[in-house]
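Contents: one structure, followed by commentary.
Hydrogens, waters and symmetry mates play no part in the numbers below; they use all other heavy atoms, side chains included. Here, residue 1 is the first one in the sequence, and each next residue gets the next number.
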Amino acid sequence: MKRDTEEMAGNRSAQNIPLIATDPHAAYEHLREQAPACPIRSVEGSLMWIVAQYGGVRSVLGDARFANNPASVPDGKAPLLQINAMRRLGLDEELIPYLADTLLDSDGKEHSRLRRLVTPAFSARKVKALSPRIERLTDDLLDALPRVADAGVADLLEHFAYPLPITVIGELVGVPATDLPAWLRWTHDLSFNQQALGETLRPLIDHTHDLVRLRRAEPGEDVISDLIRARDADGDRLSDRELVTMVLSLVIAGHDTTANFIANSVWALLTHPDQLALLRDDPGLMPQAVQELLRWCGPVLVSRMRYATEDVDLGWTSFETGDAVTAALSGANHDPREFEDPGRLDITRQHSSRGEVHVSFGSGPHYCLGAALARQEAETALSRLLARHPDLALAVPAEELQWHAVSGMRKLARLPVRL
């Protein structure tokens, strides 16, 4: 059935690629209702499949027969999409592994080995212990907002949403506070200036190697020091490159998505005054509100690519060995098969099943390592922001806000608000 729809669905979905940048929810809704799996072509012409129905997304993300690393597929049958994209951008071969051979690109025992080393830093106990520090950082940023505002207008993305998570993850991992502005600049360039990828990545990698050497000489109570201790205690557990790659992955992934989620959430609440009023009347709704906001406007639109390691028959469709499959998290989170009236933002929404229903943090073995930390940061940031600024409002009409769909994410370019 999947193969029969390839040409028809591929042609239709190709027509809607621009829509992903302007209205991703509508684009993935279109793909979701065409077929259980819709084919598109990569820039180099490789066939890829997009799964956007809720059940399909859950099954693909939770099925061990789909690997994150194309090298896990027998006989080299999987396309090297990520590596080939980096080569097209002119990235030196020696730098490619730092982006293409990370915790997120590992499978099976290798993934378990790497994840086990950093999981303690993101445990519920650790996140709870961080709560007072997150609150102090949030209050400090809110104290500074009026000073950076121009006639009462401040860019909440630049001066609040980004500084909070980069500082939290930086302190947790072991990045000195004086280095954090450079990290923000580097990670911004990685997202928005891919033509100069090598010029950005090389100094970032060199800096991280220097940071590891510093922590080896002066260990502290941070993730880098813990990883060094693990490596030195058992040298084959983590190579130098793995250690640096892990630090890069944690800091980049640990702040960018959270920053954009905070900004997206503020935009959502300010453009839905009824929901904002509910939250102001009952601040205790915040944890529930954050879960609904993750479903409704989570910044991560699609999962990392998965590759079928064997022929897979899922009942509703089938994939052949080597097929590249991505899960449209946005499509799943707005699927009427799972959510009643999914286009409506409702912070009091009730679900028939317990636990986390949305898939904004993924699902299965690669479920987001920092999910608890991201929720804690968002709850604190939104609660304290709304309490401090009861008259907070967008400083420009909502339709004038500029959005970016970069690397499968939906980000605001700026978020000007009137305090």
**Study point:** Between Ser225 and Arg215, a side-chain donor and acceptor under 3.5 Å
**Key:** no
Review point. Should Val51 and Trp316 count as side-chain neighbours, where that means a heavy-atom distance under 4.5 Å?
Key: yes
Check your understanding: Aromatic rings Trp296 and His25: how do their planes relate, parallel, tilted or perpendicular, breaks at 30° and 60°?
Key -> tilted
Practice item. Compare all side-chain heavy atoms of Trp183 with those of Thr208 and state whether any distance is below 4.5 angstrom. Key: yes
Check your understanding: Would you say the side chain of Val212 lies within less than 4.5 Å of the side chain of Leu227, judging by non-hydrogen atoms?
Key -> no
**Study point:** Basic-acidic side-chain contact under 4.0 Å: Asp346, Arg349
**Key:** no
Exercise for review: I would like to know whether Phe339 and Val357 meet side-chain contact (heavy atoms from CB on, under 4.5 Å); could you show each step before the answer?
Suggested key: CA-CA 9 Å; Phe339 303 100; Val357 181; 3.6 Å; yes
Revision key, fill the gap. What one should report as the nearest heavy-atom pair of Val57 and Ala328 is CG2-O, 3.8 Å
**Study point:** Distance in Å, Gln53 CD paired with Ser59 OG, rounded so as to fall on 0.5 Å steps
**Key:** 10.0 Å
Review point. Got more than 12 heavy atoms from elsewhere within 6.0 Å of CD, Glu400?
Key: yes
Exercise for review: Could you check if a side-chain atom of Leu61 sits within less than 4.5 angstrom of a side-chain atom of Leu329, using non-hydrogen atoms only?
Suggested key: yes
Check your understanding: Is the shortest distance from a Lys or Arg side-chain nitrogen in Arg213 or Asp210 to a carboxylate oxygen in the other one below 4.0 Å?
Key -> yes
Check your understanding: Are any non-hydrogen side-chain atoms of Pro336 and Arg32 less than 4.5 angstrom apart?
Key -> yes
Practice item. Can you measure from CD (Glu242) to OH (Tyr98) and round to the nearest 0.5 angstrom? Key: 11.0 Å
**Study point:** Polar side chain donor-acceptor pair, His334 to Glu29, under 3.5 angstrom
**Key:** no
**Study point:** Pairwise distance CG(Leu89) to CG(Asn84) - rounded to 0.5 angstrom
**Key:** 11.0 Å
Check your understanding: Just by distance, with hydrogens left out, do Arg410 and Asn264 show a side-chain donor and acceptor under 3.5 Å apart?
Key -> no
Study note, to complete from the structure: So the salt bridge (Lys or Arg N to Asp or Glu O under 4.0 Å) pairs with at least one residue in residues 64-74 (sequence neighbours excluded) are Asp63-Arg65
Exercise for review: Nearest 0.5 Å please: distance from the CG atom of Leu279 over to the CG atom of Asp274.
Suggested key: 11.5 Å
**Study point:** Tyr307 side chain to Asn68 side chain, donor-acceptor N/O pair below 3.5 angstrom
**Key:** no
**Study point:** Carboxylate-amine/guanidinium proximity below 4.0 Å for Asp323 and Arg306
**Key:** no
Check your understanding: Looking only at heavy atoms, which two atoms of Ala374 and Thr258 are closest? And how far apart?
Key -> CB-OG1, 3.7 Å
Review point. When rounded to the nearest 0.5 angstrom, what distance separates CG in Asp189 from CG in Leu204?
Key: 10.5 Å
Exercise for review: To the nearest 0.5 angstrom, please state how far the OG atom of Ser46 sits from the CZ atom of Arg41.
Suggested key: 8.0 Å
Point to revise | Of all pairs that satisfy ring-ring contact (aromatic ring centres under 6.0 Å, His included), the ones with a partner from residues 62-95, not counting sequence neighbours | key: Phe66-Phe319
Point to revise | Ala378 versus Ile262, closest heavy-atom pair with distance | key: CA-CG1, 4.2 Å
Check your understanding: Checking salt bridge (Lys or Arg N to Asp or Glu O under 4.0 Å) for the pair Asp226/Arg229: CA distance, chi angles, key distance, verdict?
Key -> CA-CA 5 Å; Asp226 289 343; Arg229 282 189 282 266; 2.5 Å; yes
Exercise for review: Without swapping roles, check the side chain of Ser360 against the backbone of Gly298 for a donor-acceptor pair under 3.5 Å.
Suggested key: no
Point to revise | Shortest non-hydrogen contact between Gly315 and Asp313, atoms and distance | key: N-OD1, 2.9 Å
For residues 167-174, which side-chain N or O atoms pair as donor and acceptor with protein atoms under 3.5 Å away, sequence neighbours left out?
unit_1: Thr167; atom_1: OG1; unit_2: Pro163; atom_2: O; d: 2.7
unit_1: Glu171; atom_1: OE1; unit_2: Arg133; atom_2: NE; d: 3.0
unit_1: Glu171; atom_1: OE2; unit_2: Arg133; atom_2: NE; d: 3.3
unit_1: Glu171; atom_1: OE2; unit_2: Arg133; atom_2: NH2; d: 2.6

Check your understanding: His389: what forms a ring-ring contact (aromatic ring centres under 6.0 Å, His included) with it, not counting sequence neighbours?
Key -> none
Check your understanding: Can Asp105 and Thr102 be counted as having a side-chain donor-acceptor contact under 3.5 angstrom?
Key -> yes
Review point. Heavy atoms, side chains only, cut-off 4.5 Å: are Ile166 and Asp256 in contact?
Key: no
Exercise for review: For residues 91-102, pull every pair meeting salt bridge (Lys or Arg N to Asp or Glu O under 4.0 Å), keeping only residues two or more places apart or in separate chains.
Suggested key: Arg87-Glu93, Asp92-Arg202, Glu94-Arg202, Asp101-Arg241
Review point. Which pair of non-hydrogen atoms, one from Ser383 and one from Glu379, has the smallest distance, and what is that distance?
Key: OG-O, 2.8 Å
Point to revise | Sidechain-backbone polar pair: His272 side chain, Ala268 backbone, donor-acceptor under 3.5 Å | key: yes
**Study point:** Side-chain heavy atoms of Leu95 within contact of Ile205, under 4.5 Å
**Key:** yes
**Study point:** Step-by-step side chain to side chain donor-acceptor pair (under 3.5 Å) determination, Asn260 to Tyr162
**Key:** CA-CA 8 Å; Asn260 286 289; Tyr162 261 111; 3.2 Å; yes
Check your understanding: Is the His366 ring parallel, tilted or perpendicular to the His111 ring (thresholds 30°, 60°)?
Key -> tilted
**Study point:** Beyond-backbone contact of Met409 with Thr257, side-chain heavy atoms, under 4.5 angstrom
**Key:** yes
Check your understanding: Aromatic rings Trp186 and His207: how do their planes relate, parallel, tilted or perpendicular, breaks at 30° and 60°?
Key -> tilted
**Study point:** Glu356 with Arg375: basic N within carboxylate O range, under 4.0 Å
**Key:** yes
Do any side-chain atoms of residues 71-80 form donor-acceptor pairs under 3.5 angstrom with protein atoms, and if so which ones, sequence neighbours left out?
unit_1: Ser72; atom_1: OG; unit_2: Asn69; atom_2: O; d: 3.4
unit_1: Ser72; atom_1: OG; unit_2: Asp107; atom_2: OD2; d: 2.7

Exercise for review: Would you name the heavy atoms of Ala332 and Tyr54 that are closest together and state the gap between them?
Suggested key: O-CD1, 3.4 Å
Review point. Under a 4.0 Å N-O cut-off, is there an ion pair linking Arg344 with Glu292?
Key: no
